Amino acid sequence: CIIEFEIFLFSVLCLSGLFNGGAFFFKYGFVLLFWTSKTASLFHHSTLLIEASLFHSQNFIKPGEQEAARCDTWAQLIERGCMEEDIISPKNDFSSSKNISLSNTALDKGEPIQLRPQEVNLKLRPGLPHTFTLDFQRVEGYPVDLYYLMDLSYSMEDDLRSIKTLGNELFNALQGITKKGRIGFGSFVDKTVLPFTNTNPEKLNKPCAETEMYCQPAFGYRHVLSMTEKKAEFESKVNKQRISGNLDSPEGTLDAIMQAAVCGERIGWRNSSTRLIVLTTDDGFHMAGDGKLAGILEPNDERCYMDNNLYSKSNEMDYPSVGQVANQLEKNNIQPIFAVTKNMEKELSKMIPKSEVGVLSADSHNVVELIKNAYNRLSSKVTVTHDALPDNVRVTYTPLCPEGGPSGDKGVCNNVGVGQMVSFNVTVTADECMQSEISFLIGPLGMKDKLKVSLSTLCKCECENPVTVDSQYCNGKGQVNCGMCSCKAGFVGQKCECSIGEKDESSLRAACRKDNGTECEGRGDCVCGICQCYTLPGGSTYYGTNCECENESCEKFQNKLCGGNGKCRCKNCECKPGYEGTACQCKKSDEQCRTPSGSVCSGRGTCKCNQCKCMEGYQRPYCLTCPACQTTCITKGKCIECLGFQTGPFSKNCSQACTSISEFKMVETLPPGKPCDVRDVESCRVFFAIKQLDGEDNYTAQILKTRECPKLPNIYAIIGGSIVGVTVIGILILLFIKVLFTLQDLKEYRKFMNEAQKTRWSEVSDICLHIKTITLWMAELHSSGLHYTTGGGGGGGGGARS
């Protein structure tokens, strides 16, 4: 067994069975003991567990006692007679496989050592932490690689002029830090697509103002100069740089940082050096997702894409996120220094560990001083942390330095000078067993120096096995292995006492399982298909076919089993006469359950512990009302109609269908209160009052003799009214038609009168005169022998007038 001194608590829940050799395994939250034949015991992880070997203490476990009794605190095992040499308690194991001394200076040959130890091996017991010391010392003259990354958008024109004149000062400042300093240069603007850059061919070729003579075409990120120690080369490359431009204010800063971090071979980062990126800009930056504005949907994959020193995937991949940039900077041990004029990069620095921010002047003339101050701040702060860990491993750091921070998942020491050694206590804890060895790295941020930790867990008892092959303790049928019998083939049992012969061992074990559950309910050993139940701490034993019963876990009252008024039988209390309740805590009485009428719980419940336990829906104390039940005015309406007036759906079997109403009366008036009413088959309203008697469905009712029926309609009035109505409607229709015709006649008459007024008529006398004249003229014609024909003809056939 195993012990852990976290707290002095002992809490053991054991499930034991047949033992056939095996080993201990345990994990966080519980300690698990496995044997080759079945799982034997289960323990709380904070318990100190020790195994008492049975080889020398064969009488240590008493008859009926669980095998888990061998696992206890050291003191308890000694008190119970276990000898110290038989107690097995594994301890954490720590060893250092590589521990080279720290270097004082950066030697010309070989890499300087700033961290020790370099490799350690840990074998931990789950839940038991182990602490070791980690030392760090920054060597004097450690190499520095500085990459100057500059924003070349149009607003940085004066800054570019300044940096062209500061090359000598930059190199002098770098030489003041270390004799092994190198410098590189890169520039950036933004993606050359809309809406970030004007894509007009002329504007792409010259994105600056028309008056600007020296302007280079638009670009995303360009690597200009790899790391070099030659000042003249740096000045030459920088002097050739020209300003460029874009449309919006934010720049492609994160694109440039990402490529500078992952393109290590192009940049020329050394393996053993302090790596710095100095970023100078006067504006904000685009973030992941902004590329969608230009239709760029492919996310940044954190890989190097350099073609002719240009970022070739600038217009194909989105900007990286701040998290991606921070991850690559930490992975490649690069420390950024943001020389900016706006606060956005200050916020960016908060999200990127081991970075510094300095305020840049309008024309960048203070950039050299800014870099020196930022480097001093970075180098004087030592932050130790680790890479990704499994979920079941925890690492904490405690700084051992004058200006150290608090303990936590990072260790921080401030104001650490060159050559000053600082130490950290590193505490590693494995919370559960691991199947295989894992490894992780610990080291200061921004430095290559790392400690490799190889971690495994101790989940087996390393006990010495006796030489005796056929041990008497195992009835000569096996040998003791870690205090347990490892039986020969064909024998099983705690002491190999069961011979299974040709039987299948699994079938014997199945006989000990109830409903295919745990063998013997985890409370006994399955011996030859029969459960041998364990003894309880109180002295009694489990019993039953599958050890399912015991008499010590019944409900307690006033800290007494079954209240002291009964006996515990298979987890249930059997109360003495005169007592009741789940814990026999009540005297039998129904005094508080009786209603004024003398019934118990109104016949709608049972009296338990002198309190009514009502049927569903009814309320205590006497189960009188049922707020959730449907009102009786609705449920008993049909029976009231049937009983009072012999009508309705129950009229043919009223006595059988309405037995719930044990008594009813026909009355002239109902008692005070709001009565119930229901409409019968004749649409009459029947009024009644109903009262519930003792019992679930027992009522008495009073029914009003007089029903409220609607009056019959007057047929003659309806017919007469209909005739009169039709007549009136007909007359009105005729009048309407007459009016229409009259209006039409008036219209025609007015039209006629208007036309008559437009015609001129002669006097009557003139008419008569003309008639007379015509008559005389006709007579004269006749007398003269001339003929007159009306209508002219052609040719010579018709008469003529001369």
Side-chain angles (χ1 to χ4, degrees), residues 602-604 615-619 624-755:
S602 303
R604 294 185 281 276
M615 295 179 178
E616 184 178 0
Y618 289 92
Q619 290 185 336
L624 287 173
T625 59
C626 181
C629 298
Q630 194 174 9
T631 176
T632 52
C633 290
I634 298 175
T635 58
K636 303 303 178 185
K638 294 180 181 179
C639 282
I640 292 297
E641 179 185 357
C642 164
L643 294 171
F645 302 97
Q646 292 77 47
T647 59
F650 296 156
S651 58
K652 294 182 180 181
N653 60 339
C654 192
S655 58
Q656 290 80 20
C658 300
T659 55
S660 59
I661 301 178
S662 57
E663 182 181 354
F664 75 95
K665 293 181 181 179
M666 303 297 293
V667 296
E668 298 291 340
T669 58
L670 294 175
K674 184 179 179 180
C676 299
D677 70 273
V678 64
R679 288 193 179 273
D680 61 10
V681 292
E682 297 176 359
S683 296
C684 295
R685 293 180 67 188
V686 179
F687 295 91
F688 63 97
I690 191 166
K691 180 182 179 182
Q692 189 173 17
L693 303 176
D694 290 339
E696 183 180 4
D697 195 17
N698 188 17
Y699 299 89
T700 179
Q702 295 183 32
I703 307 172
L704 194 65
K705 291 181 179 180
T706 305
R707 296 182 297 172
E708 189 179 281
C709 297
K711 294 182 179 180
L712 294 175
N714 190 335
I715 302 299
Y716 298 106
I718 292 173
I719 295 174
S722 300
I723 294 173
V724 171
V726 171
T727 303
V728 170
I729 292 172
I731 293 172
L732 290 175
I733 292 173
L734 291 175
L735 288 174
F736 179 73
I737 294 172
K738 178 63 177 174
V739 169
L740 288 178
F741 280 113
T742 302
L743 292 175
Q744 183 67 23
D745 291 343
L746 286 174
K747 182 178 178 182
E748 293 293 331
Y749 175 74
R750 290 192 184 97
K751 182 177 180 183
F752 171 77
M753 291 301 295
N754 289 334
E755 291 179 355

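Positions are given from 1, in the same order as the sequence printed here. For clarity, every value in this text was computed on a predicted model and none was experimentally measured.
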Not counting sequence neighbours, which residues clear salt bridge (Lys or Arg N to Asp or Glu O under 4.0 Å) with R685? List them please.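 Checked R685 against salt bridge (Lys or Arg N to Asp or Glu O under 4.0 Å); matches are D677, E708.
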pair [X]-[Y]: side-chain heavy atoms closer than 4.5 Å:
{"X": "L624", "Y": "R604", "value": "yes"}
{"X": "I634", "Y": "T631", "value": "yes"}
{"X": "R707", "Y": "D680", "value": "yes"}
{"X": "I703", "Y": "V686", "value": "yes"}

Report the residues that fulfil side-chain contact (heavy atoms from CB on, under 4.5 Å) with [X], sequence neighbours left out, ordered by chain and then residue number.
{"X": "P672", "value": "none"}
{"X": "S722", "value": "I718"}
{"X": "Q646", "value": "none"}
{"X": "I733", "value": "I729, I737"}

With sequence neighbours excluded, tell me which residues meet side-chain hydrogen bond (donor to acceptor under 3.5 Å, both in side chains) with K705.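 K705 satisfies side-chain hydrogen bond (donor to acceptor under 3.5 Å, both in side chains) with E668 only.
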Please list, chain by chain and in numerical order, all residues satisfying side-chain hydrogen bond (donor to acceptor under 3.5 Å, both in side chains) with Q702, sequence neighbours excluded.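 side-chain hydrogen bond (donor to acceptor under 3.5 Å, both in side chains) list for Q702, sorted by chain: empty.
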Side-chain donor-acceptor pairs of residues 655-664 under 3.5 Å, sequence neighbours excluded:
from : atom 1 : to   : atom 2 : distance (Å)
S660 : OG     : K636 : NZ     : 2.9
S662 : OG     : N698 : OD1    : 3.2
S662 : OG     : Y699 : O      : 3.2

Tell me which pairs pass disulfide (SG to SG under 2.5 Å) where either residue lies in residues 687-723, with sequence neighbours left out.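 Of all non-adjacent pairs touching residues 687-723, those that pass disulfide (SG to SG under 2.5 Å) are C684-C709.
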Work out which heavy atom in [X] is nearest to a heavy atom in [Y]; give both atom names and the distance.
{"X": "F687", "Y": "P675", "value": "CD2-CG, 4.2 Å"}
{"X": "V667", "Y": "T669", "value": "CG2-O, 3.2 Å"}
{"X": "P627", "Y": "G617", "value": "CD-O, 3.7 Å"}

For a quick test of your reading: what N or O donor-acceptor pairs under 3.5 Å do the side chains of residues 745-752 make, sequence neighbours left out?
none

Ignoring hydrogens and angles, write down the donor-acceptor pairs under 3.5 Å from the side chains of residues 637-644, residues two or more places apart or on other chains.
from : atom 1 : to   : atom 2 : distance (Å)
E641 : OE2    : T647 : OG1    : 3.0
E641 : OE2    : G648 : N      : 3.3
E641 : OE2    : V681 : N      : 3.1

Which distance, rounded to the nearest 0.5 Å, do you find between the OG1 of T625 and the CD of Q619?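 Reported to 0.5 Å precision, the distance equals 4.5 Å.
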About how many Å separate CG of L704 and NZ of K665, when rounded to the nearest 0.5 Å?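 Between atom NZ of K665 and atom CG of L704 there are 15.0 Å.
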Candidate list L734, L740, L732, test side-chain contact (heavy atoms from CB on, under 4.5 Å), partner F736, passing option: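 Among L734, L740, L732, the one that satisfies the side-chain contact (heavy atoms from CB on, under 4.5 Å) with F736 is L740.
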